[in-house]
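Take a look at the structure set out below.
Along the sequence shown, residues carry numbers from 1. Computed over heavy atoms, backbone and side chain alike; hydrogens, waters and symmetry mates excluded.
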Amino acid sequence: MERRGECKLEILSSVIALCLVVLACVELGDAATAVDVYRLIQYDLAGAPFGSRIANLNHHAGSSLTAPNADLSRTVVIIPIADLNVSSVKDYIDRKQPLGGLLFLLPSIFHSENKESKPDADHNSETRDKLVLLERLLVHANIPYPVYFAFEDEHIKAVLADVKRNDVIGQPATATTGGYKLVVSTSEARKVSSPSITNIQGWLPGLKLEGDSNQIPTIAIVASYDTFGAAPALSVGSDSNGSGVVALLEIARLFSSLYSNPKTRGRYNLLFGLTSGGPYNYNGTQKWLRSLDQRMRESIDYAICLNSIGSWDNELWLHVSKPPENAYVKQIFKDFSDVAGELGVKVGLKHKKINISNPRVAWEHEQFSRLRVTAATLSGLSSAPEFLENFGGLSDSRHLVDETAVIRGVKLVAESLAIIISSMVLSLENKPSTYRLLPSPGP
Ligand SMILES: *[C@@H]1O[C@H](CO)[C@@H](O)[C@H](O)[C@H]1NC(C)=O
Ligand SMILES: *[C@@H]1O[C@H](CO)[C@@H](O)[C@H](O)[C@H]1NC(C)=O
Ligand SMILES: *[C@@H]1O[C@H](CO)[C@@H](O)[C@H](O)[C@H]1NC(C)=O
Ligand SMILES: CC(=O)N[C@H]1CO[C@H](CO)[C@@H](O)[C@@H]1O
């Protein structure tokens, strides 16, 4: 584990996002159906391979990893998440037993196009926990056979029921005894030699008064938009990163309309950053900060990074690497706490020092801290995730993100900013010192 944290990510190998698996009923040579499948990621970390390199598949379907004295070297075992025992899969991988392949069936509710909301919460969290464990296992293993994911549907369930029936009889599935064959034929993946990192930046200049020769200060709002997960095509990252990205765009929209009128334009510049490479120690953030004009960077009073603010109940955390006594940290925390109080939610402060000689960067604000820019991360997570974890993997599904949580997060940040920014404008204009910004909770 420690080794992994310190490793350098050299290359992110290319990934076949989506293939088709052909389920062919062996008895009836012509009855074949195509199902969308998503392959397990493959990547290298400091020269060591992870995930699975193998894409091609052409084996009979089986339904169990634990059948006694079965030779599974030519069998693709189909495992619905509901039946999954993660420790038995782990045992199988650890013991390096031969296998033709694995096909995991995800509940259809986890499909990003699924519009259903809020099904059974207990069942949901159990599935979610299993997916988190499975993903952690697969992403950190080096697996010598193909591994695929598909969504459950009536057809594939019927196939699995047939396969199970066959397995119970104990009859090996061969061309003569019937059964199903799973076929994926595709070209093997090629390495991406230099993955590109793209950061996106927005700028709202503050109001500079006549005769004002000094640079006016800047506040940065930042969210990392990249994802990492066992199946790249399924890593939509609804909470990590989606919630932070949505919040950032909404905050940018609100303040750009405020700033379009000189009367409500603050004396702070606002810098917005959507950063890439978040899963890899916020590599894109580092690149972005280094590329900023030095004067612009030095004008940043502080940065607020948004991460996973889409599934919290009553408390958000403000993570900082400067001590709580620091004047900016005190100010940010006070403003956030005041607004949180009015919204009926809580904000807690978590202080974790950074260690410059450790390459591991657990929070986005730590990249700012490394360049001596004050910054904080606002997150529903109370502690830093492990390397490559919590970056929008299989379990980070749309139906587990709560829209009202994102809306409250937006209000919290926008109103806290409005207090700082507008108190200056309004005190200059000699108007009442409270100014309220009420974001419309649109969809
Ligand atoms: C899961 O598998 C492990 C080891 O393979 C076994 O000890 C355990 O009893 C299984 N759990 C369930 C709930 O079947
Ligand atoms: C991030 O970028 C730096 C160079 O800017 C590089 O040295 C480092 O190894 C990269 N990768 C990770 C995972 O931090
Ligand atoms: C900082 O990180 C380096 C490299 O990982 C490590 O050797 C050192 O012990 C760490 N220092 C502290 C105070 O944790
Ligand atoms: C919701 C959201 O913004 N998701 C994006 C996260 O990043 C990946 C790229 O890594 C995009 O494909 C997703 O659309």
Side-chain angles (χ1 to χ4, degrees), residues 1 4-5 37-43 45 49-54 57 61-68 70 72-73 75-111 119-152 156-157 160 163-164 167 182 227-240 279 311 381 383 385-397 399-400:
M1 280 296 211
R4 260 203 319 269
V37 292
Y38 306 84
R39 191 160 78 87
L40 175 64
I41 193 169
Q42 70 177 82
Y43 65 102
L45 208 54
F50 291 95
S52 165
R53 315 256 122 174
I54 323 279
L57 188 68
S63 66
S64 171
L65 276 179
T66 52
L72 298 179
S73 61
T75 303
V76 188
V77 176
I78 306 177
I79 307 177
I81 298 304
D83 301 350
L84 169 71
N85 177 343
V86 180
S87 53
S88 82
V89 175
K90 183 176 188 318
D91 279 358
Y92 204 88
I93 293 173
D94 288 350
R95 277 187 274 133
K96 299 195 174 1
Q97 281 174 270
L99 189 62
L102 278 171
L103 173 63
F104 292 102
L105 300 185
L106 307 170
S108 56
I109 184 106
F110 279 79
H111 203 294
D120 179 8
D122 284 347
H123 178 254
N124 253 334
S125 74
E126 195 193 319
T127 310
R128 188 180 173 276
D129 294 348
K130 274 191 189 176
L131 285 173
V132 169
L133 291 175
L134 177 67
E135 187 152 50
R136 189 177 295 160
L137 168 67
L138 298 176
V139 154
H140 296 313
N142 177 15
I143 302 175
Y145 37 81
V147 179
Y148 280 96
F149 302 90
F151 288 102
E152 262 172 0
I156 210 158
K157 276 186 190 162
L160 182 61
V163 171
K164 275 188 175 161
D167 280 0
L182 270 59
T227 59
F228 180 89
L234 300 178
S235 300
V236 292
S238 297
D239 192 12
S240 173
S311 51
L381 305 174
S383 59
E386 294 291 323
F387 184 52
L388 294 182
E389 284 187 12
N390 227 310
F391 272 101
L394 291 175
S395 62
D396 193 352
S397 158
H399 74 284
L400 298 176

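Taking 4.5 Å as the limit, every side-chain heavy atom of Leu400 sits out of range of all side-chain heavy atoms of Ser238. Contact of the Leu234 side chain with the Leu106 side chain is registered, since non-hydrogen atoms from C-beta on lie closer than 4.5 Å. At least one side-chain heavy atom of Ile79 sits under 4.5 Å from a side-chain heavy atom of Leu65. Residues Asp396 and Thr227 form no side-chain contact, since every pair of their non-hydrogen atoms from C-beta on lies 4.5 Å or further apart. Between Leu182 and Tyr148, the closest side-chain pair of non-hydrogen atoms is not below 4.5 Å.
Between Ile143 atom CD1 and Leu138 atom CG the span is 5.0 Å, to the nearest 0.5 Å. Here the CG atom belonging to Asn85 is positioned 8.5 Å from the OG1 atom belonging to Thr66, to the nearest 0.5 angstrom. Atom CZ in Arg136 sits 13.0 Å away from atom CG in Leu394 (nearest 0.5 Å). Asp83 CG to Lys164 NZ: the interatomic distance, rounded to the nearest 0.5 Å, is 4.5 Å. Considering CG of Leu84 and CD1 of Ile81, their distance stands at 5.0 Å, rounded to 0.5 Å. To the nearest 0.5 Å, atoms CD1 (Ile41) and OG (Ser235) are separated by 7.0 Å.
Across Val163 and Ala61, no two heavy atoms sit closer than the pair CG1-O, 3.6 Å. Between Phe110 and Thr127, the shortest heavy-atom contact is CE1-CG2, 3.7 Å. In plain terms, the two heavy atoms of His399 and Ile109 that are nearest each other are ND1-O, 3.3 Å. Considering all non-hydrogen atoms of both residues, Leu40 and Phe149 come closest at CA-CE1, 4.2 Å. Of all heavy-atom pairs spanning Ala233 and Tyr38, the tightest one is CB-CD2, 3.7 Å. Shown here for Pro385 and Glu389, the closest heavy-atom pair between the two residues is CB-O, 3.6 Å.
Between Phe228 and Tyr43, the distance separating the two ring centers is shorter than 6.0 angstrom.
Here Asp129 pairs with nothing under the side-chain hydrogen bond (donor to acceptor under 3.5 Å, both in side chains) rule; sequence neighbours left out. For the side-chain hydrogen bond (donor to acceptor under 3.5 Å, both in side chains) test, no residue two or more places apart in sequence or in another chain qualifies with Ser52. Taking the ring pair (Phe, Tyr, Trp, His ring centres under 6.0 Å) definition, one finds that Tyr145 meets it with nothing, sequence neighbours left out. For the side-chain hydrogen bond (donor to acceptor under 3.5 Å, both in side chains) test, no residue two or more places apart in sequence or in another chain qualifies with Thr75. In terms of the side-chain hydrogen bond (donor to acceptor under 3.5 Å, both in side chains) criterion, Asn142 has no residue partners (sequence neighbours excluded).
No side-chain donor-acceptor contact under 3.5 Å links Ser64 and Asp167.
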Please tabulate, for side-chain N and O atoms in residues 93-104, each donor-acceptor pair with protein atoms closer than 3.5 Å (sequence neighbours left out).
residue: Asp94; atom: OD2; partner: Lys90; partner atom: NZ; Å: 2.6
residue: Arg95; atom: NH1; partner: Gln97; partner atom: OE1; Å: 2.5

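Judged purely by atom type and a 3.5 angstrom limit, Ser240 uses its side chain to pair as donor or acceptor with the backbone of Asn390. For the pair Lys157 (side chain) and Glu152 (backbone), a donor-acceptor distance under 3.5 Å is absent. Remark: side-chain polar atoms of His111 are not paired, donor with acceptor, to backbone N or O of Phe151 under 3.5 angstrom.
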